[in-house]
Structure formats: structure tokens, C-alpha cells
Undergrad: 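First, the structure itself, so that you have it in front of you.
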Amino acid sequence: MDPTRDNPIIRFTTFWWGLGTFFIFALLLAVIWFFNSSDPASLEDAAATPRYATKAKIDAAQAANISPDAINAAIAAEAKKLVSAKPVAVEKPEQIVPGSDTSKKMASAPAVDTSAVDKAPAVDEPVDPKLMEMGKASFLLCAACHGQGGEGTPIAPPLAGSDWVAGPISNLIRIQLRGLQGPITVKGTEYNVPGGMAALSYQTDEQIAGVLTFVRNSFGNKASGVKPEQVTALRSEVGKPQITAPELTKP
Ligand code: HEC
């Protein structure tokens, strides 16, 4: 080995230069860190400061304006109103919890009196064109299962030529309000679609009257129109379990 390139003195100085350079960088880092350490740690912290200030202001303003006494008095007053409130009528089947006392009570409730609704108006009484228009629009939903022309599909029986459709109005209204399940014979064929038809009671009385007037006077069907008042008269059906064919009035 060439003694001018490697000897104990050169090794000695190289060692100390290396160590010195390491400490020079360490010192430089320490200086940089020292001059930057006072900045907020993150943008999030920077943004939070005014938020806390605003929250403190709001808390102070609320404490100054609403006394705990006022809050306690309001709770008592509202509680009294709640206790004296009457239960609202069932508007949607979803309000009935399956298996609950209310659900059992609804299931065993006496059958509604349908005679007033079925006191048939004359078939040749002209149907309300406004209801027909409304019904035509609503029928888009029925068409998804019953077919565009009410001809029936693998998932629902036909409405065209169905004795049920042309028959007692109360049947049709109750099917809308409660849904339908179990075997039902339509045009000589027995249908029993799993799950049946769900209640469509979210529709207004006008919408139900409209869609039923429409199906009773389309696809070759000819029957009297359905009036919104007839639907109103049977609203208490909502919340009862899906109706079955034997519960309906024979067409
Ligand atoms: C999700 C599918 C579905 C929709 C949507 C639907 N139905 Fe039904 N509907 C059925 C099924 C299924 C049955 C037969 C139930 C059974 O098997 O007991 C049925 C039966 C009926 C019946 C008695 C049987 C017959 O064919 O005459 C009438 C009437 C009826 N639906 C009217 C309507 C009307 C009106 C609408 C629209 C407002 C409608 N349905 C929307 C599935 C549906």
C-alpha cells in the first residue's frame, strides 16, 4: 500500500473530519428546528383556534340568555303536551310493528262495513276525466307488475278482463290499502304469487280513486268510476295484514 495514501496519520485525520462533519450537520438541523418550532403543528390546528373562540362566544351568549330554570320549565310543559297527545290514526302499514300488541289487535279487528262503498253507482255514470288522467300516470307503477296493458305477467295476475277489477269497489280499495296475498283466481286461473302484493296505502285518496277508475275503464274493462270519498271511508283498513281472497266480497 502506498504510504502517502494510507498511513496512521491520514486515518486519524479522516476519522476526525468525518465525525466533525456529522456534528456540523446535527448542529445545522438543531438551528433549523429551533427557528421553526413555534409554527402551528398542522393546518387543522390553525383552523381550530377560531372555531374554539366562536364556540366559547356562543356558549357564553346562550348561558346569558336561557337560564337553566327556563329550560327546566320548558321540559315540563312539553312533557305535559306529550302525555295528553292522542295517538294518530295509522296512515302507513310501516307504523305497525310486526308481532306487537297493536299488530295483533289490527289483525283481529272486525271486518269493515263495505256496504256503503259497494252500493254501486250506475255503470253508465260518466267517469271523472281528471281522475282518469291521474290514474293513467299512477298506473305506471302497477304496470311494472301487472303489465303495460294489464295483461298480467309471471309476477302478477291480469287486470284486463279480471272479474275482481270490474267487481265490488271495496275489494279494490282494500287491496290498495292492505295489499293482497294467498291464492286468488283471476279469469279462471289460480295465482298465488310468493309475497303477494304489498300495500300501496301511501297514495292519497285521489290517487287511489284515480288509478282504480283508470283500471276499471281501460284494457277493455268497463265499470263505474271510484270516488275519493269511497277510499276515505275505508282508510281504517290501513295497518291490517295483507288481505286474502276469502276476505273479499265475491265479484
Ligand atoms: C310489486 C308488484 C305489484 C304492483 C306494483 C302492483 N301489484 Fe297488484 N298484484 C300483485 C300480485 C302479486 C297480485 C296477486 C297477489 C296474490 O297472489 O294473492 C296482485 C293482485 C292485484 C289485484 C287482484 C287480482 C287481479 O288481478 O284482479 C288487483 C285488482 C291489483 N293487484 C291491482 C293493482 C293496482 C291497481 C296496482 C297499482 C296501483 C297494483 N296492483 C300494483 C302485484 C303487484
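FYI, side chains are in, hydrogens and waters are out, and symmetry mates aren't considered; it's all heavy atoms of this structure. Index from 1, following the sequence. Whatever order the structure lists them in is the order used to number ligands and atoms, beginning at 1.
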Undergrad: Give me the residue, atom name and distance of the protein heavy atom closest to atom 7 (N) of ligand 1.
TA: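 It is H146 NE2, 2.8 Å.
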Undergrad: Where does I155 meet ligand 1, judged by heavy-atom distances below 4.0 Å: at the side chain, the backbone, both, or neither?
TA: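 Just the backbone.
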Undergrad: Please determine whether a side-chain nitrogen of the Lys or Arg among D101 and K105 lies less than 4.0 Å from a carboxylate oxygen of the Asp or Glu.
TA: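 The answer is no: the pair does not qualify as a salt bridge.
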Undergrad: Using heavy-atom distances, let me know which of I243, N192, L212, V186 sits nearest atom 24 (C) of ligand 1.
TA: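 Nearest heavy atom to atom 24 (C) of ligand 1 lies in V186.
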Undergrad: Geometry only, no angles: is V193 polar-contacting ligand 1 at N/O separations under 3.5 Å?
TA: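 By distance alone, the answer is yes.
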Undergrad: For atom 14 (C) of ligand 1, find the nearest protein heavy atom and state the residue, atom name and distance (0.1 Å precision).
TA: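 For atom 14 (C) of ligand 1, the nearest protein heavy atom comes out as P157 CD, 3.4 Å.
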Undergrad: Of all the non-hydrogen atoms in the protein, which one sits nearest to atom 38 (C) of ligand 1, and at what distance?
TA: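 Nearest neighbour among protein heavy atoms for atom 38 (C) of ligand 1, to 0.1 Å: C142 SG, 2.6 Å.
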Undergrad: Check the angle between the aromatic planes of F214 and F219 and answer parallel, tilted or perpendicular using the 30° and 60° thresholds.
TA: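 F214 and F219: perpendicular rings.
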Undergrad: Identify, for atom 2 (C) of ligand 1, the protein heavy atom at the shortest distance, and state residue, atom and that distance.
TA: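 Ranked first by proximity to atom 2 (C) of ligand 1 is C145 SG, 1.9 Å.
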Undergrad: Is ligand 1 under 4.0 Å from a heavy atom in the side chain of S138, in the backbone, in both, or in neither?
TA: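 Contact part for S138 vs ligand 1: neither.
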Undergrad: Should K136 and E133 be marked as a salt bridge (charged side-chain N to carboxylate O under 4.0 Å, His left out) after you check the CA-CA gap, both sets of side-chain angles, and the distance that decides it?
TA: CA-CA 5 Å; K136 194 174 173 182; E133 271 309 302; 5.2 Å; no
Undergrad: Working to the nearest 0.5 angstrom, can you tell me the gap between K130 NZ and D128 CG?
TA: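 K130 atom NZ to D128 atom CG measures 6.0 Å (nearest 0.5 Å).
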Undergrad: N/O to N/O below 3.5 Å, does that happen between M197 and ligand 1?
TA: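 No - when backbone and side-chain N and O of M197 are compared with those of ligand 1, no distance drops under 3.5 Å.
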Undergrad: Counting only heavy atoms, tell me which of V215, L172, V165, L159 gets closest to atom 28 (C) of ligand 1.
TA: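 It is L159 whose heavy atom sits nearest to atom 28 (C) of ligand 1.
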Undergrad: If you take the nearest heavy atom of each of E190, Q242, Q176, R216, which one is closest to atom 35 (C) of ligand 1?
TA: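 Ranked by closest heavy atom to atom 35 (C) of ligand 1, first place is Q176.
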Undergrad: For atom 25 (C) of ligand 1, what is the closest protein heavy atom, and at what distance to 0.1 Å?
TA: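 Heavy-atom neighbour on the protein nearest atom 25 (C) of ligand 1: P158 O, 3.5 Å.
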Undergrad: Show the atoms of ligand 1 that are less than 4.0 angstrom away from any heavy atom in L141.
TA: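 Going through ligand 1 atom by atom, the ones under 4.0 Å from L141 are 5 (C).
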Undergrad: Heavy atoms only, cut-off 4.0 Å: how does T244 contact ligand 1, side chain, backbone, both, or neither?
TA: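 Neither; no heavy atom under 4.0 Å.
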Undergrad: Can I get a per-line list of side-chain donor-acceptor pairs under 3.5 Å for residues 241-251, giving both atom names and the distance, sequence neighbours left out?
TA:
| residue | atom | partner | partner atom | Å |
| --- | --- | --- | --- | --- |
| Q242 | NE2 | G195 | O | 3.0 |
| Q242 | NE2 | M197 | O | 2.8 |
| T244 | OG1 | E247 | OE2 | 2.9 |
| E247 | OE1 | R178 | NH2 | 3.4 |
| E247 | OE2 | T244 | N | 3.1 |

Undergrad: Could you work out, for atom 27 (O) of ligand 1, the closest of G182, A245, P194, S162 by heavy-atom distance?
TA: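 Result: the heavy atom closest to atom 27 (O) of ligand 1 is in S162.
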